Amino acid sequence: MSGQAGEVAVLDLAPETGDFRAELMDGLTRTPRFLPCKYFYDEIGSELFLKICELPEYYITRTELQILRDYAGEIAATLGPGVELIGFGTGAGTKTRLLISHLEDPVAYIPVDISKDQLVESSATFARDFPDMDVLPVCADYLQPLVLPAALRPAHKRVVYFPGSTIGNFEPRDAEIFLQRIADICGRGGALLIGVDLQKDSAIIESAYNDSAGVTARFNLNILARANRELGANFDLDLWDHRAIYDAKIGRIEMHLISKTHQTANIGGETFMFGAGEHVVTEFSYKYSVAGFTQMARSVGMKFERLWTDQAQLFGLFLFQVVI
């Protein structure tokens, strides 16, 4: 049991600032240049993402939430009692709350997130509202190998919950490797509940990532602002544009920062030159067919159990059982 709000201890495995600098420098020396999207989510970036989730164009969050409102009881019944729930990138925990509130006697909730401030706040709230459940937050990059804290009570089943379609940010081969890691974490008989953005009309997708209010643009540019704040870089944000483009052939949206002019930027004593119109990729987000994603999971020893989706089939919550 975790105790009262404010008593939740966070296992802090967050990446050091040096990791941010090293990965930024590495990305900017490649062709084409890219910036790792996991660094979007500092405190400012996390706040901007919450605003994105409320935008009319951004269907992903509200659709996933509606699926949970409609089917959380059914999902919880399928998972069964005594679950240890491991949440990857669950953020403020709005979706997770819907799920946990329907679970029968959940043993523990282990949220793993890179945004420490949000993690501390949400974990304290969960500990207060679910006093019979261990809340064991881990501040870490869940893309890296993890040793998770142990719950006080044994669980009947270990379930990884990975909401929000973040799996789409992986290249397909990397997604497969990551699913294998999840299978290893869950163990045989464990389960994965994962949000997946489904393939659909490209106009719907592009609109979601190029919102009329410009919030996604600010979110994208924040990675440069973060480099300025934390690494002493001198990016001029006024000299960069945001653009998201959907490649229907390979089924992915691509977020770019585009240099408006010839310019230079300094990061930790290194100078980088950018040409007018040069694109720096900040994020890929793959959209999957049901058959395609199910096949990927099957290749790492996961058996398809259920799919919950909305009426328009914009988004899916997939449940897989680990069988190997």
Side-chain angles (χ1 to χ4, degrees), residues 1-5 8 50 53-54 59-113 118-119 121-138 142 148-149 151-167 182 185-187 189-198 297 302-322:
M1 192 181 302
S2 300
Q4 300 300 312
V8 177
L50 288 176
C53 293
E54 297 170 355
Y59 61 87
I60 296 173
T61 301
R62 68 170 177 271
T63 304
E64 186 177 19
L65 276 169
Q66 191 58 55
I67 293 169
L68 283 164
R69 291 187 185 106
D70 291 342
Y71 299 110
E74 189 176 302
I75 295 169
T78 306
L79 293 176
V83 162
E84 177 180 302
L85 190 71
I86 301 162
F88 282 169
T90 46
T94 305
K95 300 166 192 169
T96 316
R97 176 177 295 277
L98 285 168
L99 179 59
I100 289 177
S101 64
H102 286 83
L103 288 172
E104 180 184 347
D105 188 29
V107 167
Y109 171 44
I110 306 175
V112 184
D113 207 292
Q118 186 171 247
L119 183 67
E121 184 178 347
S122 65
S123 297
T125 303
F126 273 89
R128 181 194 66 213
D129 295 346
F130 300 96
D132 295 323
M133 177 184 72
D134 274 351
V135 180
L136 305 168
V138 179
Y142 54 72
L148 297 173
L152 293 176
R153 294 187 288 148
H156 293 165
K157 181 186 295 183
R158 202 175 220 194
V159 178
V160 167
Y161 176 41
F162 194 28
S165 78
T166 308
I167 192 67
I182 289 176
I185 289 169
C186 294
L192 167 64
L193 180 65
I194 184 168
V196 178
D197 198 14
L198 301 175
M302 293 187 184
K303 177 186 175 185
F304 174 71
E305 291 285 325
R306 294 285 300 275
L307 169 65
W308 293 272
T309 188
D310 58 291
Q311 189 173 5
Q313 298 191 335
L314 299 174
F315 191 91
L317 271 177
F318 289 73
L319 178 64
F320 298 95
Q321 181 183 1
V322 180

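Since the structure is predicted, the reported quantities are computational estimates derived from the model, not experimental observations.
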Spatial distance of atom CD1 (I86) from atom CD1 (I110) [nearest 0.5 Å]:
5.0 Å
Apply side chain to side chain contact (heavy atoms under 4.5 Å, CB included) to I182 and M302, showing your working.
CA-CA 10 Å; I182 289 176; M302 293 187 184; 4.1 Å; yes
Name of the residue among V107, L85, L148, V83 meeting side-chain contact (heavy atoms from CB on, under 4.5 Å) with R158
L148
Any side-chain heavy atom of D129 within less than 4.5 Å of one from R97?
yes
For residues L314 and T63, report the shortest heavy-atom separation together with the two atoms involved.
CD1-OG1, 4.1 Å
Any chance you could lay out the side chain to side chain contact (heavy atoms under 4.5 Å, CB included) test for Y71 and L317, step after step, and finish with the verdict?
CA-CA 10 Å; Y71 299 110; L317 271 177; over 6 Å; no
Would you call L99 and Y109 a side-chain contact if the rule is heavy atoms closer than 4.5 Å?
no
Measure the acute angle between the ring planes of F162 and F88, then classify it against the limits of 30° and 60° as parallel, tilted or perpendicular.
perpendicular
Where is the tightest heavy-atom contact between G195 and I167, given as atom of each residue plus distance?
O-CG2, 3.9 Å
Is K157 reaching over with its side chain to a backbone N or O of L79, donor-acceptor style, under 3.5 angstrom?
yes
In sequence, state the C-alpha distance, the side-chain angles, and the governing distance for L192 and V322, and then conclude on side chain to side chain contact (heavy atoms under 4.5 Å, CB included).
CA-CA 8 Å; L192 167 64; V322 180; 5.9 Å; no
Inter-residue atom distance T309.OG1 - Q66.CD, 0.5 Å rounding:
12.0 Å
Where L98 and H102 come nearest, the two heavy atoms and their spacing:
O-ND1, 2.9 Å
Mind checking the NZ-CZ spacing from K303 to F320? Nearest 0.5 Å is all I need.
12.5 Å
Which residues satisfy the ring pair (Phe, Tyr, Trp, His ring centres under 6.0 Å) test with F315, sequence neighbours excluded?
none
Can you sort out the partners of Y161 under ring pair (Phe, Tyr, Trp, His ring centres under 6.0 Å), two or more places apart, ordered by chain and number?
none
Do the side chain of E84 and the main chain of A108 share a donor and acceptor less than 3.5 angstrom apart?
no
Does the pair L319 and I75 meet the rule for a side chain to side chain contact (heavy atoms under 4.5 Å, CB included), with working shown?
CA-CA 9 Å; L319 178 64; I75 295 169; 5.9 Å; no
So how far is it from D310 CG to L198 CG, rounded to the nearest 0.5 Å?
7.5 Å
Any side-chain to backbone donor/acceptor pair from R153 onto P106? Under 3.5 Å, distance only.
yes
Heavy-atom closest pair (T61 atom, C53 atom, distance to 0.1 Å) is OG1-SG, 3.1 Å
Which atom pair, heavy atoms only, marks the closest approach of F130 to S101?
CE2-CA, 4.0 Å
Pairwise distance CG(D197) to CD1(I60) - rounded to 0.5 angstrom:
4.0 Å
Atom NZ of K95 and atom CD1 of I67: how far apart are they, to the nearest 0.5 Å?
10.0 Å
Are side-chain heavy atoms of I100 and M133 found at a separation under 4.5 Å?
yes
Heavy atoms of G316 and L307 approach each other most closely as CA-CD1, 3.8 Å
Expected output: side-chain D134 to main-chain L152 donor-acceptor under 3.5 Å:
yes
Would you say T90 and F126 make side-chain contact, with heavy atoms under 4.5 Å?
no
